[in-house]
Amino acid sequence: MAEKGVVLKPYFKEVSVLFSGGSDSTLAAALMLSDFEKVTLLTFDPGFIFFVENSRHHVKFLKNTYGEERVEHLVVPTPEIHEKVLFGRMVRDVKRYGFNLNSLVCLGCRLAMHTAAVIHNLERGVPYLADGSIRKQAQVPEQMESVIERNRLLYEKEYGIRQYSPIYEEGRSDRVIEKMGITNRKNLKRQFILFDTQPTCPFGVPADVYSRLFYGLFGNSREVDSEQYCRERYPLMRRIVEEHFTSRDKDLAALVRRNVKALEKDDKRRAQS
Amino acid sequence: MKDETKGRLRFVMRYVIAAVMIPVGLLMGLGGIVQYLSRRVSGGP
């Protein structure tokens, strides 16, 4: 593990991590800190989740372990983006997906967070984004491999942002962060509903029950719905990003070019090392 | 509020919320099954 504040190998500059404060996103952030000089932990607050402040719990452990200056934590309010992405087509969604929306709301929420993360990364000139998705939760649409791959293609192609899910194959991130000394909580994976170190979503329990017990019973509905849902949301996400920069008189194309150049430069470094 | 008290409250609330929300998920699931079957029968999406 990297020693506090000491650069052990040539780091890439900065990465953003979608950060709930749970063991998965904490481990993802810790792994990113072995390749990047700085990690910005992005916790999004859509306005309908509880105990957002819990996400701060593991931040102090990451800062103590890797250095205060290498870890930044931002809580970003995103009610407008969530309103548009998640609830903007509610009538059509109910007609099209019916009860399956129980699970698809989590995908909509994740896409709204990605939209906010894309905006953040473009503003800061950060071409990397990571999250704590894991295969063990692939029953939930936003953590399905096909969905992650589809999102990854979009972000790199359209915004010059490369997306990683560095712990996708890890099933017990709680044990790993215990061993790494970046938590004081044991068996975090056994917690449910009201978590010690991350927010609680009111839609979480029904969504989880629906995804784990039922969605898999409906043929290939989960795959078909997720593909369709993403296809419907991408134009909306593009529009939100464009409007954000247009309203601030910023040249989106120039910001994307900056990220693409940074990626090309890093790729050359990778090839040489 | 003390951390210990918060922890106890959280422990109790966890099961109270679970007792309400898990049946909601199960009901939705049953609705999903009915929806799936009726769409198959009618040849809908």
Side-chain angles (χ1 to χ4, degrees), chain A residues 49-51 53-54 57 92-106 139-141 184-188 190-225 227-229 231-232, chain B:
Chain A
I49 58 173
F50 305 115
F51 313 119
E53 68 282 0
N54 285 355
H57 183 86
R92 271 178 290 178
D93 284 347
V94 170
K95 280 184 190 161
R96 168 72 180 82
Y97 303 108
F99 285 94
N100 296 347
L101 268 181
N102 275 298
S103 291
L104 293 169
V105 287
C106 297
Q139 303 98 327
V140 188
N184 61 347
R185 295 288 204 274
K186 291 205 178 300
N187 293 318
L188 276 172
R190 287 194 191 153
Q191 285 194 352
F192 61 97
I193 301 177
L194 296 173
F195 305 95
D196 285 356
T197 68
Q198 66 185 88
T200 291
C201 175
F203 302 119
V205 182
D208 211 43
V209 170
Y210 197 89
S211 297
R212 285 176 198 276
L213 301 182
F214 297 98
Y215 216 167
L217 304 175
F218 311 147
N220 62 347
S221 296
R222 180 161 35 198
E223 196 68 49
V224 173
D225 288 351
E227 202 267 334
Q228 167 90 12
Y229 192 90
R231 196 150 24 95
E232 288 167 1
Chain B
M1 198 186 291
K2 281 182 188 172
D3 273 357
E4 199 182 329
T5 318
K6 270 187 193 171
R8 279 184 191 159
L9 264 178
R10 200 176 283 147
F11 183 81
V12 174
M13 285 307 291
R14 206 169 267 160
Y15 286 93
V16 172
I17 297 171
V20 177
M21 297 308 274
I22 290 175
V24 172
L26 293 173
L27 278 177
M28 293 292 168
L30 292 177
I33 291 174
V34 172
Q35 171 187 289
Y36 174 66
L37 294 175
S38 70
R39 284 183 178 179
R40 270 191 71 174
V41 170
S42 65

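All values derive from a computational prediction rather than experimental measurement. The sequence lines fix the lettering, A, B, ..., with proteins before strands; numbering per chain opens at 1.
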Provide the closest heavy-atom pair for [X] versus [Y] in the form atom of the first, atom of the second, distance.
{"X": "B:Gly25", "Y": "A:Phe214", "value": "O-CE1, 4.0 Å"}
{"X": "B:Met28", "Y": "A:Phe99", "value": "O-CD2, 3.5 Å"}
{"X": "B:Tyr36", "Y": "A:Gly219", "value": "OH-N, 3.6 Å"}

Against chain B, label [X] side chain, backbone, both or neither, depending on which of its atoms sit under 4.5 Å from a heavy atom there.
{"X": "A:Ser103", "result": "neither"}
{"X": "A:Asp196", "result": "both"}
{"X": "A:Tyr215", "result": "neither"}
{"X": "A:Asn100", "result": "both"}

Can you tell me how far the [atom1] atom of [X] sits from the [atom2] atom of [Y], to the nearest 0.5 Å?
{"X": "A:Leu213", "Y": "B:Leu26", "atom1": "CG", "atom2": "CG", "answer": "6.5 Å"}
{"X": "A:Phe50", "Y": "B:Ile17", "atom1": "CZ", "atom2": "CD1", "answer": "8.0 Å"}
{"X": "B:Arg10", "Y": "A:Asn54", "atom1": "CZ", "atom2": "CG", "answer": "5.5 Å"}

Original post:
Are A:Phe218 and B:Ile33 side-chain neighbours, meaning at least one heavy-atom pair lies under 4.5 Å?
Top reply: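 With C-beta onward as the side chain, the pair touches.
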Original post:
Between the main-chain N or O of A:Ile193 and the side-chain N or O of B:Arg14, is there a donor-acceptor pair closer than 3.5 Å?
Top reply: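 Side chain of B:Arg14 to backbone of A:Ile193, a donor-acceptor pair under 3.5 Å: no, none is there.
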Subject >> Any residue of residues 202-209 of chain A which, by heavy atoms, sits under 4.5 Å from chain B >> reply: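 Counting heavy atoms that sit under 4.5 Å from chain B, the residues of residues 202-209 of chain A involved are A:Pro202, A:Val205, A:Pro206, A:Val209.
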